[in-house]
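Here is how names work: the chains are called A, B, and so on, in the same order as the sequence lines, proteins then strands, and each is numbered from 1.
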2 protein chains.
Amino acid sequence: MSSKRSVKPRKLPQQERSRITVEAILEATAHILTEKGYDKTNTNLIAQRAGVSIGSLYQYFPNKKSLIVALREQHSQEIAELLESKFNHLFNSPPEIAIPELVKAVIAIHAINPRLHQVLSEEIPRSERSQQQMQKTDEQITELLRAYLLRWRDRLRPQNIEMTIFIINCTVESLCHSAVIEHPQFIRDSKFEQEVSNLLISYLVR
Amino acid sequence: MSSKRSVKPRKLPQQERSRITVEAILEATAHILTEKGYDKTNTNLIAQRAGVSIGSLYQYFPNKKSLIVALREQHSQEIAELLESKFNHLFNSPPEIAIPELVKAVIAIHAINPRLHQVLSEEIPRSERSQQQMQKTDEQITELLRAYLLRWRDRLRPQNIEMTIFIINCTVESLCHSAVIEHPQFIRDSKFEQEVSNLLISYLVR
DNA sequence: TGGCAATACAAGTAATTACTCATATTATTA
DNA sequence: TAATAATATGAGTAATTACTTGTATTGCCA
């Protein structure tokens, strides 16, 4: 069962040179994924690009899946941290103020490396994803949203908080993701973030 | 270049028995994809499930990609037709009436075979997708939406029609898709479709 | 009924690729 | 400085799988 195969590093780097090796491997993974897309990416190519032998790669990553998982982890952690700091800043700001700021932040995140973001979220087969880890980050963001919505509950129209969380989360994510990839011209001015903010605010606020 | 490889059937079935073969192959493709997911699907398995030799399969489908493309084509055609008939019925109904009907229809479509829908839209590598064909169906739906929005233009708040089309399309698709897969309990009553309709109506209508 | 075209068959091939292992090199420590 | 641990190497292996090809069977038509 591939789902049983561990994804944890086989060996933790202890000396400086191996930490450099691991870094190079992850950088190469991101680079090859971005350049070639998932299905033209293979471990030999990654090792080559990293300037490292294939054997070294398998010393630190037990299988191909673990490379992807490590990269995703890095990536989602960055996103979660940025959103956390935004929510902390905006916790006491009403939706009319907070929503546009959050939408702006999400668009900015997606615009950093759209192609890598696309590959990680669209092209990686489900079987290559570590369910627990993904859900952890997702739950973290859900929790931030939940706290914020409860804080402003009496200003909000929808009453089913869990459903509202899902709707907001899903809508913002998919709109920002697709816009960056399919309509980059939308992103150039602030019109798009205003529209998305309008969509959410007019739904949320009484 | 895999993108150059034709995807058109190598041979068109002429007798009844071969038409049955082709049907069985497509049914088997859908079945295996649904059961095993994309990356555990292979052509030998499809042929076996279809009760047909691997040679017969390659007589009608020049490569694996063409199987997926044929299946997607069938699938998107069904969706486009259903939406077209809905839009025709509702062309002269105001958004407050039309939107809930359309949302309901989209949810219903996604609920028919959620797993197949998920595999086709999430798991199939981008390289296995025929770009032209996908965009044709997508453009067809865009066109229906455009005509409707123009018809009711003076009742609408957003002025940038192209951006509005994108926002509506993307929002409805992703909400219905994700809800069916991640929150089937939302679908059981009509609360979810009401909420999604509210989201859109409060944004669209002055 | 015989000949031809359409269809069906499945063993086999060739290419890809994740991953191993025996060995060599470099750093650390006692 | 010698011994040991950590790290690096890359040729080779084994498994998978898309696809070919030569042959057999079935249906159609004159």
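Following rounding to the nearest Å, Ile32(A) (CD1) and dT17(C) (P) show an atom-to-atom distance of 13 Å. Spacing between atom CZ of Phe61(B) and atom P of dT20(D) amounts to 15 Å, rounded to whole angstrom units. One interatomic measurement links the two molecules: CG of Asp39(A) to P of dA18(D), which rounds to 13 Å at whole-angstrom precision. Here dT17(C) presents its P atom at 17 Å from CG of Asn63(A), a figure rounded to the nearest Å. Across the protein-nucleic acid pair, Leu12(B) atom CG and dA5(C) atom P stand 18 Å apart, rounded to whole Å. Whole-Å rounding puts the Arg19(B) CZ to dA8(C) C1' distance at 16 Å. Summarising the geometry, the separation between CG on Asn42(B) and P on dT16(C) is reported as 18 Å, rounded to the nearest angstrom.
Applying the side-chain contact (heavy atoms from CB on, under 4.5 Å) rule to Asn160(A) yields the partners Glu162(A), Met163(A), Lys191(B); only residues at least two apart in sequence or on another chain are considered. Partners of Ala179(B) according to the side-chain contact (heavy atoms from CB on, under 4.5 Å) rule, which considers only residues two or more places apart in sequence or in another chain, are Phe166(A), Ile187(B), Phe192(B). Remark: Glu143(A) pairs with Arg146(A) by the side chain to side chain donor-acceptor pair (under 3.5 Å) rule, at least two apart or across chains. Every residue two or more places apart in sequence or in another chain that forms a side-chain contact (heavy atoms from CB on, under 4.5 Å) with Glu35(B) is listed here: His31(B).
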For residues 97-106 of chain B, run the donor-acceptor check on the side chains, cut-off 3.5 Å, and write out each pair with its distance to 0.1 Å, sequence neighbours left out.
none

Can you list the steps and then say if Leu90(B) with Ser93(B) is a side-chain contact (heavy atoms from CB on, under 4.5 Å)?
-> CA-CA 5 Å; Leu90(B) 295 166; Ser93(B) 307; 3.9 Å; yes

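If you check every strand for non-hydrogen atoms under 4.0 Å, Asn44(A) touches a base.
Toward the 5′ end of DNA chain C lies the nearest nucleotide of Gln14(B), the other residue of the pair Tyr58(A) and Gln14(B) mapping further downstream.
Side-chain nitrogen and oxygen atoms of Ser18(B) include none within less than 4.0 Å of the OP1 or OP2 phosphate oxygen of dA6(C). The phosphate of dA8(C) (OP1 or OP2) has a side-chain N or O of Tyr60(B) nearer than 4.0 angstrom. Under 4.0 angstrom from either OP1 or OP2 of dT7(C) there lies no side-chain N or O belonging to Thr21(B).
Remark: Lys64(B) is positioned above the aromatic ring of Tyr38(B), its terminal NZ or CZ atom under 6.0 angstrom from the ring centre and at most 45 degrees off the axis.
For residues 81-92 of chain B, the side chain to side chain donor-acceptor pair (under 3.5 Å) pairs, not counting sequence neighbours, are Asn92(B)-Arg151(B). Under the ring pair (Phe, Tyr, Trp, His ring centres under 6.0 Å) criterion, the residue pairs touching residues 40-83 of chain B are His75(B)-His117(B), with sequence neighbours excluded.
Considering only side-chain atoms of Thr43(A), the nucleotide from dA18(C), dC19(D), dA8(D) that sits closest is dA18(C).
A heavy atom closer than 4.0 Å to some atom of DNA chain D occurs in Val52(A), Ser53(A), Ile54(A), Gly55(A), Ser56(A), these being the qualifying members of residues 48-57 of chain A.
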For nucleotides 22-30 of chain C, print each protein N/O atom paired with a nucleotide N/O atom at under 3.5 Å, atom names and distance only.
from    : atom 1 : to       : atom 2 : distance (Å)
dT26(C) : O2     : Arg17(A) : NH2    : 3.4

